[in-house]
Student: 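Handing you this structure, nothing more for now.
Since the model is a prediction, treat every value here as computed from it, not as a measurement. Keep in mind that the numbers below use all heavy atoms, side chains included, and drop hydrogens, waters and symmetry copies. Labels below follow one simple rule: chain letters A, B, ... track the order of the sequence lines, proteins then strands, and each chain is numbered from 1.
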Amino acid sequence: MKSKLTVYNTLSRKKEEFTPIDDQVIGMYVCGPTVYGDAHLGHAKSYVSFDLIYRYLLHIYPRVKYVQNITDVGHLTDDADEGDDKIAKQSRLEKVDPMAVVEKYMHNYFRDMDALNVKRADIYPRPSGHIQEQVESIQTLIDKGFAYEANGSVYFDVSKYDESFDYGKLSGRTIEQLLEGAANRELSGQSDKKNPFDFALWKKAEPSHLMQWNSPWGKGYPGWHIECTVMSQKYLGENFDIHGGGLENAFPHHECEIAQAEALTSKSFANYWLHNNMVTINGQKMGKSLGNGIFCHELFTGDNFQLDRAYSPMTVRFFILQSHYRSTLDFSNEALDAASKGLGRLQDAVLKLDELVAVADGKEEVAEWIESLYSAMNDDFNSPIAIAQLFEGAKLINSVADGKKQINQENLDKLKKAFKDFYFDILGLEIEGKAEVDNEVTDELMQLIIQFRQAAKEERDYATADKIRDKLKEMKIVIKDHKDGASWEYED
RNA sequence: GGUCACGUGGCCGAGUGGUUAGGCAGUGGUCUGCAAAACCAUCUACAGCGGUUCGAAUCCGCUCGUGACCUCCA
């Protein structure tokens with residue numbers, strides 16, 4: 001590998017060479033879901049993107065310590081819901097305990113991510129299990145003068161922090177701008193705060209609030225930024241390599257995380273901030289209010305009014321990886337169909353790879369092509385380019401299979417290794433669906449039927465041969481004739 | 001109102017100061033008893049208007065359009 005890994009760092013707004021703190025173990029923290037509902041297409045894009053990043057780092061470095069939070073203390077819903085927390089709201093709807101809501105949707109989250117072949121993180125810390133740590137950190141912030149208590153709640157003093165640090169450096173904002181912005185908007189419930197841009201570290205709980213804990217400031221629950229600061233530092237140290245999350249969280253969530261962390265330790269927090277972009281549906285943003293959300297499990301079953309059919313998890317994964325993680329991705333049935341067909345072609349080539357035969361004087365070289373795969377991934381994890389290169393590799397495989405090109409053993413081994421590395425390990429794609437034989441007996445039976453049909457064909461009994469083909473077609477089984485023999489697969 | 005992205009061919013989606021991205025669809029061809037599949041080849045582009053430049057889709061400005069965020073909503 002000649003080129004070096006560069007990543008787009010939101011902090012500097014440009015691509016930077018990635019230099020780890022310790023090249024033996026990379027630390028990465030990614031903001032996980034709040035588990036009050038099923039994972040949707042947006043979650044899929046986000047966590048497949050970071051899975052790609054995780055997998056590539058694993059390929060380059062000996063070890064990657066990957067931490068992703070699962071938020072299980074409510075936090076608030078939007079203004080219209082008036083201070084109700086999301087999990088509490090869902091628990092009333094489903095008439096179960098808040099923690100039962102958490103359990104249910106956390107399991108669904110893992111179910112869907114597993115289907116998408118998203119590798120599990122090393123640690124999935126939950127804020128409800130880190131109340132003690134959060135309370136301690138908040139107390140430290142108060143002791144250091146960066147936070148103040150007001151009426152049972154604790155707020156972070158942004159202007160105090162900004163005196164010695166730089167609030168807004170991640171999102172490119174200044175306090176002046178924030179004040180201006182605030183002046184133009186109607187804000188409620190600001191009375192306890194010294195400044196409108198201060199944010200909550202600890203929130204006093206009303207008696208009706210379902211999730212609350214004891215603290216030095218009375219019963220309450222942690223603010224929605226402190227969990228990430230506390231849990232990332234607990235498992236990765238005060239200063240670590242990568243912090244990731246959705247672009248929409250850069251401000252205020254990640255900005256506040258940085259403020260809390262720097263105020264606590266006086267050290268810089270994460271070195272590289274990576275943000276993934278969002279999903280649009282037929283050019284429109286996906287949102288609850290628009291009613292155009294699509295859950296992962298709906299994609300897999302086709303059970304959504306916007307879906308023409310079901311799309312396999314690998315198709316969805318491939319679709320996501322065909323665009324860059326920092327670009328928005330537009331969903332449509334047409335685009336998913338295109339991804340499905342493209343992936344099928346790539347899969348066929350991968351399957352063909354095992355059957356290739358090397359010849360001693362084969363002239364095809366693959367070193368340069370492999371280098372192009374690394375250059376693509378080293379350029380801020382550019383999976384669309386890597387995939388385009390894999391299609392070039394597929395062309396080579398097909399040409400060799402057709403006898404139009406020759407390859408020697410050394411290059412064939414390199415070709416196989418590259419597909420194992422990039423197709424399977426880094427892009428995390430698997431052979432699935434139509435190319436997969438799910439049952440040995442079925443396959444043996446099919447081989448028998450194919451033999452009978454071949455025999456009929458040899459005797460020019462095309463009526464019988466076609467009848468077999470048509471009947472199988474009715475059973476959603478497709479016969480594919482080849483030069484020598486035939487193969488079969490389930491209809492997509 | 002403020003901050004920041006983006007606008008590429010029928011569709012999705014990379015990239016870039018002068019050279020083919022790639023996939024899907026389309027078209028032509030090879031193969032086939034026929035069909036399908038597969039394989040090979042190939043067409044259509046850079047929102048609009050100005051400016052910088054020998055040369056811009058790529059840099060700058062403006063216009064139009066889309067989107068994210070603006071503190072207690074991952």
Side-chain angles (χ1 to χ4, degrees), chain A residues 13 31-36 42-43 46 69 71 75-81 83-86 153 155-156 158 168 171-174 176-185 187-190 193 195-200 203 223-225 228 245-253 255-256 275 277-278 280 283-285 318-319 322-324 326-346 348 352 376 379 382-392 395 398-399 401-402 404 457 460 462 465-466 469-470 473 478-483 486-487 489:
Chain A
R13 289 173 191 285
C31 286
T34 301
V35 280
Y36 68 103
H43 291 110
S46 182
N69 61 305
T71 296
H75 304 312
L76 302 178
T77 50
D78 56 35
D79 294 339
D81 294 310
D84 219 358
D85 95 38
K86 289 173 170 177
S153 295
Y155 297 95
F156 188 89
V158 171
S171 55
R173 285 157 215 258
T174 62
E176 290 74 29
Q177 285 170 353
L178 292 172
L179 267 178
E180 257 178 64
N184 285 319
R185 305 176 95 222
L187 297 167
S188 57
Q190 303 278 1
K193 295 200 283 191
N195 281 301
F197 42 71
D198 289 350
F199 56 88
K203 200 72 179 148
W224 61 292
H225 310 304
C228 285
L247 193 58
E248 75 282 8
N249 280 334
F251 190 90
H253 185 55
E255 199 74 72
C256 295
H275 289 101
N277 219 316
M278 328 190 64
T280 55
Q284 242 193 340
K285 76 163 182 171
F318 183 72
F319 172 63
Q322 265 195 308
S323 87
H324 189 91
R326 279 192 293 112
S327 301
T328 54
L329 173 63
D330 190 49
F331 167 92
S332 64
N333 284 286
E334 216 179 350
L336 255 295
D337 279 332
S340 172
K341 285 186 185 159
L343 177 61
R345 224 164 67 78
L346 207 48
D348 289 346
K352 233 185 262 181
D379 184 14
N382 198 325
S383 54
I385 296 284
I387 288 172
Q389 289 303 331
L390 286 183
F391 274 107
E392 296 301 323
K395 255 184 206 172
N398 290 326
S399 299
D402 286 354
K404 288 173 184 157
K457 280 174 71 176
R460 298 190 168 272
Y462 296 123
D466 288 352
R469 188 171 66 194
D470 294 345
K473 174 93 175 154
V478 184
I479 294 286
K480 289 182 175 178
D481 287 331
H482 304 292
K483 252 197 190 104
S487 63
E489 66 186 32

Student: Look at the side chain of A/F251 and decide which nucleotide, out of B/G33, B/C69, B/C11, has an atom nearest to it.
Tutor: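 Nearest to the side-chain atoms of A/F251, counting from C-beta on, is B/C69.
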
Student: Salt bridge check: are A/R469 and A/D466 linked by an N-O gap of less than 4.0 Å?
Tutor: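 A salt bridge links A/R469 with A/D466.
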
Student: Indicate, yes or no, whether a donor-acceptor pair under 3.5 Å links the base of B/A36 to the side chain of A/R469.
Tutor: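 A donor-acceptor contact between them is absent.
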
Student: Could you state the atom-to-atom distance from NZ of A/K480 to P of B/A37 in whole Å?
Tutor: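 Roughly 9 Å, once rounded to whole Å.
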
Student: Should the ring pair A/H253 and A/W224 be called parallel, tilted or perpendicular, given that the plane angle runs from 0 to 90° and is split at 30 and 60?
Tutor: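 Because their plane-to-plane angle is under 30°, the rings of A/H253 and A/W224 count as parallel.
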
Student: Give a yes/no on whether any side-chain N or O of A/K404 is located under 4.0 angstrom from OP1 or OP2 of B/C40.
Tutor: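 No.
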
Student: Could you let me know what B/A14 is paired to, Watson-Crick or G-U wobble, both distances under 3.5 Å, or none if it's on its own?
Tutor: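 Its partner is none (no Watson-Crick or G-U wobble pair with both distances under 3.5 Å).
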
Student: A/Y462 near the nucleic acid: base, sugar-phosphate alone, or nothing, with a heavy-atom cut-off under 4.0 Å?
Tutor: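 It contacts base atoms.
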
Student: Does any non-hydrogen side-chain atom of A/D198 lie less than 4.5 Å from one of A/N195?
Tutor: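 Of all side-chain heavy-atom pairs linking A/D198 with A/N195, at least one is under 4.5 Å.
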
Student: Go through the structure and list residues passing ring-ring contact (aromatic ring centres under 6.0 Å, His included) with A/F156, not counting sequence neighbours.
Tutor: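 By the ring-ring contact (aromatic ring centres under 6.0 Å, His included) rule, A/F156 matches A/Y161, A/F199.
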
Student: Do A/M278 and A/E248 pass the side-chain contact (heavy atoms from CB on, under 4.5 Å) test, and can you show the C-alpha distance, the side-chain angles, and the key distance before you say yes or no?
Tutor: CA-CA 8 Å; A/M278 328 190 64; A/E248 75 282 8; 3.8 Å; yes

Student: How long is the line joining CD of A/E334 and C1' of B/G23, in whole Å?
Tutor: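 Atom CD in A/E334 sits about 13 Å away from atom C1' in B/G23.
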
Student: Would you kindly check whether a donor in the side chain of A/R173 faces an acceptor in the base of B/C4, or vice versa, at under 3.5 angstrom?
Tutor: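 When only heavy-atom distances are counted, A/R173 does not reach the base of B/C4 through any donor-acceptor pair under 3.5 Å.
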
Student: Measure the distance from CG on A/L346 to C1' on B/C39 and round it to the nearest whole Å.
Tutor: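 Atom-to-atom, A/L346 to B/C39, this comes out as 15 Å.
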
Student: Which residue, A/N398 or A/P252, contacts RNA chain B at a nucleotide closer to its 5' end, judged by nearest heavy atom?
Tutor: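 Result of the comparison: A/N398.
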
Student: How would you label the contact of A/K473 with the nucleic acid (heavy atoms, under 4.0 Å): base, sugar-phosphate, or nothing?
Tutor: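 Here A/K473 touches no strand at all.
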
Student: Over all strands shown, is A/E248 touching base, sugar-phosphate only, or nothing at heavy-atom distances under 4.0 angstrom?
Tutor: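 Counting heavy atoms under 4.0 Å across all strands, the contact made by A/E248 includes a base.
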
Student: In the structure shown, which nucleotide is the Watson-Crick or G-U wobble counterpart of B/G67, with both distances under 3.5 Å?
Tutor: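 Looking at the geometry, B/G67 pairs with B/C4.
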
Student: At under 4.0 Å between heavy atoms, what does A/Q389 touch on the DNA or RNA strands: base, sugar-phosphate, or nothing?
Tutor: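 The residue A/Q389 makes no contact with any strand.
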
Student: Please report the distance, rounded to the nearest Å, between CD1 in A/I479 and C1' in B/A36.
Tutor: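 Whole-Å distance recorded here is 11 Å.
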
Student: Just how far is it from atom CG of A/L336 to atom CG of A/L343, taken to the nearest 0.5 Å?
Tutor: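 Nearest 0.5 Å value for the CG-CG distance: 11.5 Å.
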
Student: Do A/N277 and A/S327 have a side chain donor and acceptor closer than 3.5 Å?
Tutor: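 On atom types as modelled, these side chains do not qualify, holding no pair under 3.5 Å.
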
Student: State whether A/F251 and A/R173 meet the cation-pi test: NZ (Lys) or CZ (Arg) under 6.0 Å from the six-membered ring centroid, and within 45° of the perpendicular axis.
Tutor: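 Flagged: A/R173 positioned over aromatic ring of A/F251.
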
Student: Quick check: on RNA chain B, is the nucleotide nearest A/E392 upstream (toward 5') of the one nearest A/S171, or the reverse? Name the residue that is more 5'.
Tutor: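 Looking at the nearest nucleotide for each, A/S171 comes out on the 5' side.
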
Student: Is the distance from OP1 or OP2 of B/G22 to the nearest side-chain N or O of A/R345 less than 4.0 Å?
Tutor: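 No, outside the criterion.
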
Student: Measure the distance from CG on A/D466 to P on B/C34 and round it to the nearest whole Å.
Tutor: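 Result: 11 Å.
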
Student: What is the per-nucleotide protein-contact pattern of nucleotides 12-17 of chain B, from the 5' end, where B denotes a base atom under 4.0 Å from a protein heavy atom, S denotes such proximity for sugar-phosphate atoms only, and - denotes neither?
Tutor: SSSS--

Student: Nearest whole angstrom, please: distance from the C1' of B/A21 to the NZ of A/K395.
Tutor: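 In whole Å, B/A21 C1' and A/K395 NZ are 11 Å from each other.
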
Student: Determine whether A/F318 and A/L346 make a side-chain contact, defined as any pair of heavy atoms from C-beta on separated by less than 4.5 Å.
Tutor: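 Yes, close enough: below the 4.5 Å cut-off.
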
Student: If you check the A/K193 side chain, which of B/C72, B/C34, B/C11 turns out closest?
Tutor: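 Given the options B/C72, B/C34, B/C11, the side chain of A/K193 is closest to B/C72.
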
Student: Which one, B/C34, B/A38, B/C72, comes nearest to the side chain of A/K203?
Tutor: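 Closest of the options to the side chain of A/K203: B/C72.
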
Student: A/D402 CG to B/A38 C1': how many Å, rounded?
Tutor: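 Interatomic distance, CG of A/D402 to C1' of B/A38: 9 Å.
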
Student: Please give, in whole Å, the distance from B/A68 P to A/N277 CG?
Tutor: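 Atom-to-atom, A/N277 to B/A68, this comes out as 10 Å.
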
Student: Once you apply a heavy-atom cut-off of 4.0 Å, does A/N249 come out as touching a base, just sugar-phosphate, or nothing?
Tutor: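 A/N249: base contact, heavy atoms under 4.0 Å.
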
Student: Could you check whether A/G245 gets within reach of a base, just the sugar-phosphate, or nothing at all, counting any heavy atom under 4.0 Å?
Tutor: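 Nothing: the residue A/G245, judged by heavy atoms under 4.0 Å, touches no strand.
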
Student: What does A/G246 touch in the nucleic acid at a heavy-atom separation under 4.0 angstrom: a base, only the sugar-phosphate, or nothing?
Tutor: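 Here A/G246 touches no strand at all.
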
Student: Is there a donor and acceptor pair closer than 3.5 Å between the side chain of A/D481 and the base of B/A35?
Tutor: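 Checked by distance alone, the answer is yes.
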
